[in-house]
Amino acid sequence: MSILSAILPAQAVEPIKISRDDVALDLSRALEIHRNQGANFQVSTAPGIDGIVRRIEVEAQDERSSGDWAVFALANTSEQQLDRLIVAPHFRLVGSGIIWPDLGSHRIAAITPSEGFALDREASAEADVFRVTLNPGAVVTFVAELSSPKVPQVYLWDPEAYKDTINSYTLYRGIVIGIAGLLALFLTILFVVKGTSMFPATAALAWSVLAYICVDFGFLSQIIELSPGNEQMWRAGAELALAGTLVVFLFTYLNLNRWHGHFSYGALAWILILVAIAGVAIFDPAVAAGIARISFAATAVLGIGLIVYLGFRGYDRAIMLVPSWLMILVWLAGSGMAALGMLDNDIVQPALGGGLILIILLIGFTVMQHAFAGGALQQGLFSDMERQSLALTGAGDIVFDWDVLRDKVVTRPDICDPLGLPPGSLQGPARNWLPALHADDRDMFRTTIDMILEHRRGRLAQSFRLRGADGHFHWYLVRARPVIGSDGEVIRCVGTMMDVTEQKKSEERLLHDAVHDNLTGLPSRELFLNRLEAVISIARAQETVRPTVFVIDIDRFKQVNEGLGMSAGDTILLTMARRLHRLLKPQDSLSRFSGDQFALILLSEQDPARIAAFAEAVKQAVCAPINFARRDIVLSASMGLVSWTSSETAAEDLVKDAELAMHQAKRFGGDRIEPFRPAFRTFGTDRLQLEADLRRAIDRGEFRLAYQPIVRLEDGSIAGFEALMRWEHPRRGLIPPSEFIPVAESCDLIVTLGLFAMQTAANDLASWQKEIGAAQLSVSVNLSSRQLLRQDLVADMRSVLARSNLPARCFRLEVTESLVMHNPEQSVHVLEKLRELGIGLSLDDFGTGYSSLSYLTRFPFDTIKIDRSFVEDGSSKRSVLLKSMVNMGHELGLSVVAEGVSSEEDAMELRQMGCEYVQSYLFGQPETADAVLRMLKEQFPLTQA
């Protein structure tokens with residue numbers, strides 16, 4: 001230190017006057033802090049006795065000096081020399097903060113007075129202590145070199161008073177640490193003895209409290225040697241352990257995993273986060289301690305919420321934990337106020353440490369009370385009467401006691417409580433029960449009681465319904481026996497009552513589900529046949545009753561399930577059920593036979609014309625579009641119907657006839673109504689035989705393709721061919737596609753046939769082009785609905801072209817208008833993928849479907865084929881309609897092919913309208929591949945040469 005100048009009245013430090021009677025003075029607010037001043041610091045002193053202000057310079061003694069300095073001045077106003085201690089605690093909970101707490105450290109590296117030598121440091125593990133001697137009347141300015149940026153407290157102590165205070169705190173801390181250690185050890189021993197999960201969790205919490213107190217009271221430094229700064233890491237670790245074990249205790253004690261599995265995941269994640277943060281304590285203890293304090297507070301707040309919630313639900317563990325958790329909340333509030341500086345007292349910190357011990361002590365008593373409760377019950381010290389009472393209470397039954405002599409019925413507990421009736425309203429004569437009983441149960445109840453009284457034996461075992469205050473009936477099962485007196489008469493009837501309402505409801509649901517469809521709630525086939533048999537029985541006696549049975553099958557419903565999923569299928573079935581039900585009258589009946597099959601008994605209509613109109617209404621209801629997931633789904637139905645005419649016809653036979661008619665409707669392509677005819681009874685066996693022959697025909701190679709030319713109207717040349725499937729049956733001869741294609745679709749053979757047609761057509765065209773070199777020829781193959789909705793169609797098409805080595809532009813696929821409109825969104829997606837391959841797409845039977853023209857612009861077709869019905873139309877508007885179709889196709893950039901042209905005049909007229917191509921028997925019959933090759937060689941002789 002050096003004195004630079006004198007008589008500097010400005011910026012002088014105000015001295016604190018001390019006397020002999022001052023035992024402890026707080027210098028915290030008298031400090032003047034100067035930050036970032038470097039290793040050399042200059043400051044003005046307080047005015048001396050002579051009134052002169054001097055300026056001194058102090059050099060830092062600590063090599064790691066931060067450049068922060070504190071200045072204060074002391075004035076000895078007494079006539080004696082005074083010895084005092086300047087004490088700066090390393091850690092102080094008061095004002096330490098929560099988010100980024102001050103965990104303590106060395107505060108003052110050295111203190112230099114304005115006169116004399118630097119002050120001597122006295123040994124202390126908890127504070128920076130410096131002894132100072134003040135001469136009588138001296139005014140000394142002290143410059144303190146700070147080791148940390150914060151100095152929470154600086155006191156000027158009388159040495160003896162400070163020693164007495166330290167000794168008293170040491171005794172208190174020793175007692176608290178001893179109690180904490182004994183409590184932790186005791187809970188650990190209980191864990192070994194008892195073995196329940198509550199004890200290790202409680203013991204872990206007790207050991208965490210012990211660790212926290214040892215760190216807080218400075219006892220840890222007496223056990224292990226702590227290097228400067230390490231006490232912060234230990235303090236943060238202790239706070240993390242305290243926060244983590246509190247979470248574990250709360251989860252284990254309340255057994256939260258029994259209430260919901262999410263509690264287990266949440267507690268495990270919480271603990272893992274705290275364990276991960278323990279690693280952070282090594283590098284940044286303040287952050288770890290802040291998170292630990294927030295975690296402790298969050299656990300306490302969430303814990304009281306869980307305890308209140310579970311307590312209201314009657315969970316005894318939660319109720320027993322209420323006093324302990326309230327003490328935790330009080331301790332948390334006190335700690336928070338101290339950390340924020342709202343409680344500023346030297347007693348607060350040790351008091352909070354003692355409070356933790358009281359909390360653990362109360363928690364330990366709570367755990368022991370719960371764990372060791374019920375010892376008498378476990379030892380089996382109850383009498384037989386008490387066991388029976390406990391068993392009755394555990395079963396939840398009601399004691400039924402009828403005093404016959406006094407005609408008084410008593411129930412314990414009172415049955416009026418669950419019924420919502422006024423208390424005691426059924427405690428009295430047995431006749432009081434009759435108004436509360438269901439009307440159907442009164443006579444049986446009265447008769448059963450009379451029989452017991454009359455015969456003086458037997459037992460009462462009866463189920464009956466009692467009306468509650470809300471008007472609903474509750475089912476009760478009564479089991480009681482009579483008690484016979486010395487005179488042989490019944491004096492009492494005692495037994496139990498049990499609420500069986502839920503059991504009865506379950507039985508009713510099972511009975512309903514046994515004869516009803518689970519999805520739609522409609523009667524099943526068995527219940528339908530039972531009702532039909534009853535209707536037929538009435539019809540045999542009354543001529544005005546003539547039932548008509550409908551069997552309705554939704555066409556292509558399996559494709560909906562495959563394309564849109566089962567949930568979409570269920571939604572559609574519910575919609576269909578509601579639509580059909582709206583068409584019925586009260587005497588009619590609707591049933592669901594199977595997945596997509598419904599049955600209907602029509603009694604409200606007897607006239608054949610009205611029955612036909614009803615059938616048409618059913619068909620229209622099924623065909624109406626269904627909006628699902630922003631798309632319109634259009635379905636159709638195949639219906640078979642039969643009317644009861646013969647008194648000998650049974651319900652089962654009537655349903656079988658309707659099913660035969662339905663299968664015949666599907667055989668004809670679906671979307672039609674077919675009345676039953678006796679000849680249909682032979683079709684079933686024919687269909688099975690046809691299906692068996694169809695499967696063998698694929699393996700035997702009985703299928704071939706016939707090719708019908710597609711001719712240019714401009715010059716009559718062949719532009720391409722349409723491939724038509726032919727089946728040459730070894731016994732039945734040539735079977736038309738209209739007969740075997742529906743069978744192939746229903747038995748999942750249509751995909752195999754489709755692949756055969758595409759591959760054969762591609763191979764034949766490739767061989768023709770190789771023979772004659774006509775690369776402009778194309779071949780068209782029809783797609784079925786099953787093929788169009790297959791996800792593998794694009795891959796199959798790519799494979800066909802690769803195997804035949806045929807250019808994609810020479811291959812075309814034909815799709816009917818009604819087919820693409822059954823699922824327009826899926827069709828657009830698949831057709832776009834096919835178009836990307838480069839193949840041509842033709843819209844077949846244009847104008848016959850139910851599509852909206854707005855969809856036509858969305859499909860990637862390049863050709864439309866006008867159906868033959870428009871060409872063969874003999875009305876006066878035929879030409880206008882044809883010309884409109886041709887013009888519309890050209891406006892959309894599409895080529896036009898006309899089918900069914902039967903005369904040269906029609907061909908000329910179409911050519912004048914601008915139609916490019918024609919396909920009909922007039923221009924060429926379907927021919928075999930060899931015949932087609934000969935025809936092409938005649939048309940392209942020069943090319944061949």
- Message: I'd like to check Phe923 versus Val901 (side-chain heavy atoms, cut-off strictly below 4.5 Å). Are they in contact?
- Response: yes
- Query: Hey, is Glu659 close enough to Arg525 for a salt bridge, meaning N to O under 4.0 Å?
  - Reply: yes
- Using distance alone, with no hydrogens and no angle criterion, decide if Thr928 and Asp930 have a side-chain donor and acceptor under 3.5 Å apart. no
- Message: Whether the Ser636 and Asp555 side chains hold a donor-acceptor pair (N or O, under 3.5 Å, no angle test) is what I'd like checked.
- Response: yes
- Task: Please answer whether the main-chain N or O of Glu872 pairs with a side-chain N or O of Arg868 as donor and acceptor at a distance below 3.5 Å.
- Result: no
- Query: Heavy-atom distance under 4.5 Å between the side chains of Ile710 and Ile718, does that happen here?
  - Reply: no
- Can Ser804 and Gln759 be said to form a side chain to side chain donor-acceptor pair (under 3.5 Å), step by step? CA-CA 7 Å; Ser804 62; Gln759 191 65 64; 4.6 Å; no
- Query: Does a donor on one side chain sit under 3.5 Å from an acceptor on the other, for Asp906 and Ser903?
  - Reply: yes
- Task: For His890 and Gly914, indicate whether the former's side chain and the latter's backbone hold a donor-acceptor pair under 3.5 Å.
- Result: yes
- Message: Is the distance between the ring centroids of Phe528 and Phe593 under 6.0 Å?
- Response: yes
- Query: Name the one of Gln925, Gln919, Glu722, Glu899 that satisfies side-chain hydrogen bond (donor to acceptor under 3.5 Å, both in side chains) with Gln708?
  - Reply: Gln919
- Task: State, with a plain yes or no, whether a side-chain heavy atom of Pro737 is found less than 4.5 Å away from one of Arg726.
- Result: yes
- Message: Within the 3.5 Å criterion, strictly below it, is a donor on Thr863 or Arg812 matched to an acceptor on the partner's side chain?
- Response: yes
- Query: To the nearest 0.5 Å, what is the distance between CZ (Arg934) and CD (Glu927)?
  - Reply: 8.0 Å
- Evaluation steps, side-chain contact (heavy atoms from CB on, under 4.5 Å), between Leu777 and Leu936: CA-CA 10 Å; Leu777 287 176; Leu936 292 175; 3.7 Å; yes
- Give a yes or no answer on whether the side chain of Ser799 reaches the backbone of Ala795 with a donor-acceptor pair at less than 3.5 Å. no
- Item | Residue pair Trp768 / Asn763, side-chain heavy-atom distance below 4.5 Å | no
- Message: Under 3.5 Å, is there a donor on one side chain and an acceptor on the other for Arg592 and Thr520?
- Response: no
- Query: Distance from Leu641 atom CG to Leu600 atom CG, nearest 0.5 Å?
  - Reply: 10.5 Å
- Verify salt bridge (charged side-chain N to carboxylate O under 4.0 Å, His left out) between Glu904 and Arg911, making sure each step is shown before the conclusion. CA-CA 10 Å; Glu904 293 290 346; Arg911 180 180 177 184; over 6 Å; no
- Task: List the steps, then state whether salt bridge (charged side-chain N to carboxylate O under 4.0 Å, His left out) holds for Arg672 with Glu674.
- Result: CA-CA 6 Å; Arg672 60 186 295 151; Glu674 196 69 37; 3.2 Å; yes
- Task: Measure the spacing between CD1 of Ile750 and CG of Leu755 and express it to the nearest 0.5 Å.
- Result: 10.5 Å
- Task: I would like to know whether Asp862 and Ser895 meet side-chain contact (heavy atoms from CB on, under 4.5 Å); could you show each step before the answer?
- Result: CA-CA 6 Å; Asp862 53 31; Ser895 301; over 6 Å; no
- For the pair His663 and Val551, evaluate side-chain contact (heavy atoms from CB on, under 4.5 Å) and give the outcome as yes or no after the intermediate values. CA-CA 10 Å; His663 286 303; Val551 175; over 6 Å; no
- Message: Do the side chains of Lys865 and Glu814 get close enough for a salt bridge, i.e. N-O under 4.0 angstrom?
- Response: yes
- Are Arg696 and Asp693 ion-paired here, with the side-chain N under 4.0 Å from a carboxylate O? yes
- Flag the pair Thr760 / Arg704 as yes when at least one side-chain heavy-atom distance between them is below 4.5 Å, and no otherwise. no
- Message: Once rounded to the nearest 0.5 Å, what's the spacing between atom OG of Ser591 and atom CZ of Phe598?
- Response: 9.0 Å
- Task: Give, for atom CE of Met639 and atom CD1 of Ile673, the distance between the pair rounded to the nearest 0.5 Å.
- Result: 3.5 Å
- Query: For the residue pair Phe550 and Phe614, is the inter-centroid distance of their aromatic rings smaller than 6.0 Å?
  - Reply: yes
